S.K.: 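A single structure is presented below for examination.
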Amino acid sequence: SREGALHVFDVDDEGCLSECATSAANIVPSGVFDAKWRPNSDSDSLLAVALADGTTALYRVDDGSDGIQQVSTSGSEDEDVGMTLFCDWSVTGE
């Protein structure tokens, strides 16, 4: 089995990095193959993540104290069904 972590960083106007959510590493149960931010987002910052267990997870990233929260999961953990290797968003962010 693969293990991984998801670390989300904030870059300020001066180019300095700070970790947004230190608890994010405890959320991802398996290896991360790919991650994509939702484009054209004026509201919630959403991150789609393709995981090594064959599923795709959706996370909401909050600039406040909530950090990063899993919103949903889709796909199958059954290895015979297949594996999610990458994820992407449509141009409209859906």
Side-chain angles (χ1 to χ4, degrees):
S1 95
R2 293 181 173 98
E3 294 182 10
L6 178 64
H7 297 277
V8 178
F9 292 87
D10 184 27
V11 180
D12 66 18
D13 293 336
E14 297 174 3
C16 295
L17 290 174
S18 62
E19 193 163 14
C20 291
T22 56
S23 63
N26 297 328
I27 292 177
V28 180
S30 66
V32 176
F33 285 150
D34 193 22
K36 295 281 190 318
W37 289 101
R38 178 174 70 170
N40 307 322
S41 176
D42 293 331
S43 57
D44 294 337
S45 295
L46 294 177
L47 182 65
V49 182
L51 300 170
D53 66 3
T55 63
T56 302
L58 184 63
Y59 295 93
R60 177 179 290 116
V61 180
D62 182 7
D63 291 336
S65 62
D66 291 339
I68 186 168
Q69 298 175 333
Q70 187 169 340
V71 176
S72 67
T73 297
S74 64
S76 173
E77 293 182 21
D78 182 358
E79 293 178 6
D80 293 333
V81 172
M83 184 180 292
T84 303
L85 298 177
F86 69 95
C87 55
D88 207 351
W89 293 91
S90 69
V91 178
T92 60
E94 297 177 9

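Keep in mind the model is a prediction, meaning the values are calculated, not measured.
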S.K.: Looking at W89 and W37, what are the two nearest heavy atoms and their distance?
M.R.: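 Closest pair (atom of W89, atom of W37, distance): CD1-O, 3.2 Å.
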S.K.: Considering non-hydrogen atoms only, spot the tightest contact between C87 and A50 and give its length.
M.R.: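 What the structure gives for the nearest pair is SG-N, 3.9 Å.
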S.K.: What's the shortest heavy-atom distance between T73 and T55, and which atoms?
M.R.: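 Answer, listing the atom of T73 first, then T55: CG2-CB, 3.8 Å.
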S.K.: Determine the minimum heavy-atom distance between D88 and K36, stating which atoms define it.
M.R.: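 D88 and K36 have their closest heavy atoms at CA-CG, 4.3 Å.
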S.K.: Quick check for you: to the nearest 0.5 Å, what is the distance between L51 atom CG and L85 atom CG?
M.R.: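 It is 11.5 Å, given to the nearest 0.5 Å.
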